[in-house]
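Below is one structure, written out as structure tokens, with a few remarks after it.
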Amino acid sequence: QVQLVESGGGLVQAGGSLRLSCAASGRTFSSYAMGWFRQAPGKEREFVSGISRSGGSTYYADSVKGRFTISRDNAKNTMYLQMNSLKPEDTAVYYCAADRALSIAAVPRQLYQYEYWGQGTQVTVSS
């Protein structure tokens, strides 16, 4: 089992940047593929970005490709999401997640493939 805590959300103007962090407990962080999801009011939770156990593979939703960068530091048990050129459409609660045991995909990108979730951090982008 792993506990996840997000931080770094806040209010930013369109075109600005934020860096989200996800801190994980325990010594098994490198055993999990990790991902970021977001949920806007009235919408389903959607995949934003994912990263493999070693950090060697990444995947991005089309809506954020070229603007967001996912990374991880296994020595610090921490995952990051650098968000640049933010748009009002990026406004949502952002969640970090760790995948399920025995997942085969290097970078899972479906909700059901993730087992552990953080509490979420609010990102608001004003126009």
Side-chain angles (χ1 to χ4, degrees):
Q1 191 173 9
V2 61
Q3 291 181 308
L4 306 172
V5 180
E6 304 97 332
S7 62
L11 175 64
V12 65
Q13 292 185 340
S17 298
L18 285 173
R19 185 174 178 85
L20 305 184
S21 298
C22 175
S25 66
R27 299 188 300 161
T28 60
F29 180 65
S30 63
S31 297
Y32 299 94
M34 301 288 294
W36 289 97
F37 291 76
R38 67 187 182 187
Q39 188 166 23
K43 299 187 68 177
E44 304 257 354
R45 190 170 299 187
E46 66 174 351
F47 175 82
V48 176
S49 185
I51 188 165
S52 62
R53 293 184 298 275
S54 68
S57 298
T58 60
Y59 189 88
Y60 298 91
D62 288 342
S63 58
V64 306
K65 195 172 299 181
R67 300 188 297 120
F68 291 9
T69 303
I70 190 171
S71 62
R72 67 190 296 165
D73 187 338
N74 287 347
K76 295 183 177 180
N77 283 5
T78 304
M79 177 180 65
Y80 306 95
L81 185 68
Q82 178 66 46
M83 306 186 295
N84 298 327
S85 301
L86 282 162
K87 305 174 181 179
E89 304 88 83
D90 296 317
T91 295
V93 177
Y94 283 70
Y95 299 89
C96 69
D99 73 342
R100 295 180 178 274
L102 305 179
S103 291
I104 297 175
V107 186
R109 53 189 187 270
Q110 302 293 326
L111 270 170
Y112 76 88
Q113 296 178 293
Y114 286 85
E115 178 73 16
Y116 306 102
W117 296 85
Q119 82 289 344
T121 185
Q122 176 71 47
V123 172
T124 303
V125 184
S126 65
S127 59

Can you give the donor-acceptor pairs under 3.5 Å from side chains of residues 57-64 to other protein atoms, not counting sequence neighbours?
unit_1: Y60; atom_1: OH; unit_2: I70; atom_2: N; d: 2.9
unit_1: D62; atom_1: OD1; unit_2: K65; atom_2: NZ; d: 3.2
unit_1: S63; atom_1: OG; unit_2: R38; atom_2: NH2; d: 3.4

For residues 17-25, run the donor-acceptor check on the side chains, cut-off 3.5 Å, and write out each pair with its distance to 0.1 Å, sequence neighbours left out.
unit_1: S17; atom_1: OG; unit_2: N84; atom_2: OD1; d: 2.9
unit_1: R19; atom_1: NH1; unit_2: Q82; atom_2: OE1; d: 3.3
unit_1: S25; atom_1: OG; unit_2: Q3; atom_2: N; d: 3.0

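Between the S52 side chain and the V107 main chain, no donor and acceptor come within less than 3.5 Å of each other. Judged purely by atom type and a 3.5 angstrom limit, R100 uses its side chain to pair as donor or acceptor with the backbone of Y112.
Atom CG of L111 sits about 11.0 Å away from atom OH of Y95, to the nearest 0.5 Å. Atom-to-atom distance recorded for Y80:OH and C96:SG is 12.0 Å, nearest 0.5 angstrom. One finds the CZ atom of F37 at 8.5 Å from the CZ atom of R45 (value rounded to the nearest 0.5 Å). Distance check: W117 CH2 to E6 CD gives 9.5 Å after rounding to the nearest 0.5 Å. The distance from atom OH of Y94 to atom CD of Q122, rounded to the nearest 0.5 Å, is 9.5 Å. The CG atom of D90 sits 11.0 Å away from atom OG1 of T124, with the distance rounded to the nearest 0.5 Å.
A heavy-atom distance below 4.5 Å is found between the side chains of S126 and Q13. E115 places none of its side-chain heavy atoms less than 4.5 Å from the side chain of Y32. Considering only heavy atoms from C-beta on, F68 comes within 4.5 Å of L86 through its side chain. Residues Q113 and D99 are not in side-chain contact: their nearest non-hydrogen atoms beyond the backbone lie 4.5 Å or more apart.
For R53 against S30, the heavy-atom pair with the smallest separation is CB-O, 3.2 Å. Scanning both residues, V2 and A98, for their nearest heavy atoms gives CG1-CB, 4.1 Å. When all heavy atoms are compared, the tightest approach of F29 to T78 is CE2-N, 3.7 Å. When all heavy atoms of S49 and L81 are compared, the closest pair comes out as CB-CD1, 4.3 Å. When all heavy atoms are compared, the tightest approach of A33 to P108 is CB-CD, 3.7 Å.
Residues Y114 and W36 fall into different hydrophobic clusters, defined by Ile, Leu, Val, Met, Phe, Trp and Tyr side chains chained together at heavy-atom separations under 4.5 Å. In the hydrophobic clustering of ILVMFWY residues, with side-chain heavy atoms under 4.5 Å counting as a link, M79 and V93 come out apart.
Crowding of R67 atom CZ: a count of heavy atoms from other residues, nucleotides or ligands under 6.0 Å exceeding 12.
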### Task
Could you check M83 against V12 for side chain to side chain contact (heavy atoms under 4.5 Å, CB included), going step by step and ending with a plain yes or no?
CA-CA 11 Å; M83 306 186 295; V12 65; over 6 Å; no

